[in-house]
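In this chain, numbering begins with 1 at the start of the sequence shown.
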Amino acid sequence: MSLISPSILAADFGNLQRDIEMINRSEAEYIHVDIMDGVFVPNISFGIPVCEAANQHAQKPLDVHLMIVEPDRYLEAFRKAGAHIITVHYEACTHLHRTIQHIRELGALPGVALNPHTPVELLSDILPDLSLVLIMSVNPGFGGQKFIENTYRKIEKLDRMRKEMGLDFMIEVDGGVNTQNAPKLTQAGTDVLVAGSFVFSANDPLATIAELKRAAQ
Ligand code: DX5
Ligand code: ZN
């Protein structure tokens with residue numbers, strides 16, 4: 001069974017409170033918050049004040065995905081803005097071990113995200129320190145992109161490493177997730193499914209989250 005983390009990147013920003021309250025009522029476990037800086041990724045989403053505003057209405061933990069360079073500069077601010085999980089990109093962190101320890105010291109759960117081209121093997125020495133690994137199944141920067149099929153192999157490999165090392169970090173998949181690929185992703189070892197456009201472009205987002213949950217049993 002996978003947990004569901006709807007991404008508010010695809011929400012109606014003019015009605016953010018309404019959309020967060022929908023997630024509160026839904027079967028989702030987390031609220032995924034995508035932070036883009038226009039440098040690490042070719043797009044800007046929103047920043048700390050919007051994260052804080054979302055947190056004021058959220059009744060579920062914020063799962064914050066930082067697609068930014070130099071994330072160390074903002075960890076404390078995002079923690080104060082309500083982040084429960086803070087995920088940084090492997091490709092954006094020169095001193096990843098230090099960054100992960102810092103997130104833990106702040107009282108949040110540390111995660112590391114991998115771009116589609118980054119092999120899971122590169123994480124072998126940091127896995128014992130992580131609460132979550134986020135596998136990008138699209139190139140980060142935009143919602144609504146096509147799911148990259150190689151993702152299944154990466155999840156299976158990471159799940160194998162997790163078992164061999166006797167660890168219990170969560171595996172999250174982000175990008176192009178829908179009810180078609182959810183069963184196979186769960187089967188491969190995924191614990192958390194992020195879904196943006198599939199949820200928010202649906203006529204009935206609440207029912208769509210429930211369908212995703214069923215598909216990820
Ligand atoms: C992409 C973001 C994703 C995005 C997913 O850079 O990290 O979380 O919101 O959107 P969908 O589900 O539409 O691919
Ligand atoms: Zn994301």
Side-chain angles (χ1 to χ4, degrees), residues 2-38 40-47 50-51 53-55 57-68 78 82-89 111 113-116 132-149 151 155 170-186 190-216:
S2 297
L3 309 177
I4 310 293
S5 190
S7 168
I8 57 168
L9 182 67
D12 175 355
F13 294 151
N15 289 288
L16 193 56
Q17 178 176 353
R18 180 200 66 191
D19 284 358
I20 287 173
E21 285 168 353
M22 180 282 293
I23 302 176
N24 289 342
R25 291 193 306 278
S26 78
E27 294 178 43
E29 281 81 4
Y30 293 110
I31 300 178
H32 190 79
V33 181
D34 284 307
I35 309 294
M36 303 178 181
D37 66 354
F40 181 69
V41 288
N43 194 13
I44 297 175
S45 57
F46 48 78
V50 174
C51 183
N55 190 49
H57 302 290
Q59 289 164 6
K60 299 188 178 179
L62 298 189
D63 160 31
V64 176
H65 178 193
L66 298 181
M67 286 162 275
I68 65 175
F78 279 106
H84 176 76
I85 300 172
I86 300 180
T87 298
V88 294
H89 265 264
L114 298 182
N115 278 340
L132 179 142
V133 176
L134 186 161
I135 302 291
M136 285 304 309
S137 40
V138 299
N139 285 293
F142 303 93
Q145 301 181 83
K146 190 174 173 290
F147 179 84
I148 297 171
E149 295 288 321
T151 306
I155 298 163
M170 295 189 284
I171 300 177
E172 181 172 53
V173 178
D174 186 4
V177 170
N178 55 40
T179 44
Q180 297 286 306
N181 52 29
K184 207 169 153 192
L185 286 169
T186 304
T190 307
D191 304 288
V192 186
L193 293 170
V194 176
S197 51
F198 186 70
V199 167
F200 286 98
S201 65
N203 286 333
D204 187 345
L206 196 66
T208 304
I209 292 173
E211 278 166 33
L212 208 47
K213 190 89 192 168
R214 294 294 95 70

Peer 1: Can you tell me how the ring of F40 sits relative to the ring of H89, calling it parallel under 30°, perpendicular over 60° and tilted otherwise?
Peer 2: tilted
Peer 1: Under the 3.5 angstrom rule, does the side chain of N43 hit a backbone N or O of M36 as a donor-acceptor pair?
Peer 2: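 Answer holds: no.
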Peer 1: Taking side chain to side chain donor-acceptor pair (under 3.5 Å) as the test, write out the residues that go with S7, two or more places apart.
Peer 2: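 Side chain to side chain donor-acceptor pair (under 3.5 Å) list for S7, sorted by chain: D34.
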Peer 1: Do the side chains of L16 and V50 get nearer than 4.5 Å, heavy atoms only?
Peer 2: yes
Peer 1: Check D191, N178, V177 against L185 for a side-chain contact (heavy atoms from CB on, under 4.5 Å) and give me the one that passes.
Peer 2: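 Single side-chain contact (heavy atoms from CB on, under 4.5 Å) partner of L185 among D191, N178, V177: V177.
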Peer 1: To the nearest 0.5 angstrom, please state how far the NE2 atom of H32 sits from the CD1 atom of I4.
Peer 2: 13.0 Å
Peer 1: Which heavy-atom pair separates V138 from P116 by the least distance, and what is that distance?
Peer 2: O-CG, 3.4 Å
Peer 1: Would you say the side chain of K60 lies within less than 4.5 Å of the side chain of S26, judging by non-hydrogen atoms?
Peer 2: yes
Peer 1: Between F78 and L62, is any pair of side-chain heavy atoms under 4.5 Å apart?
Peer 2: no
Peer 1: Would you say the side chain of F46 lies within less than 4.5 Å of the side chain of V33, judging by non-hydrogen atoms?
Peer 2: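 Result yes, sub-4.5 Å side-chain heavy-atom pair found.
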Peer 1: Is it the case that atom CD in Q180 sees more than 12 heavy atoms from other parts of the structure closer than 6.0 Å?
Peer 2: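 No, because the 6.0 Å sphere around CD of Q180 holds 12 heavy atoms or fewer from other groups.
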Peer 1: From E172 CD over to M136 CE, what is the distance, rounded to the nearest 0.5 angstrom?
Peer 2: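 Here the rounded value is 9.5 Å.
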Peer 1: Is it the case that the side chain of T208 and the backbone of V199 share a donor-acceptor pair, with hydrogens and angles ignored and the cut-off at 3.5 Å?
Peer 2: no
Peer 1: Are the side chain of S2 and the backbone of V192 linked by a donor-acceptor contact shorter than 3.5 Å?
Peer 2: no
Peer 1: State which residue, out of V133, T186, T190, fulfils the side-chain contact (heavy atoms from CB on, under 4.5 Å) condition with I155.
Peer 2: T190
Peer 1: Can you confirm whether R18 sits close enough to H57 that some side-chain heavy atom of one is under 4.5 Å from a side-chain heavy atom of the other?
Peer 2: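 Of all side-chain heavy-atom pairs linking H57 with R18, none is under 4.5 Å.
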Peer 1: Which distance, rounded to the nearest 0.5 Å, do you find between the CD1 of I44 and the CG of D37?
Peer 2: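 These two atoms lie 7.5 Å from each other.
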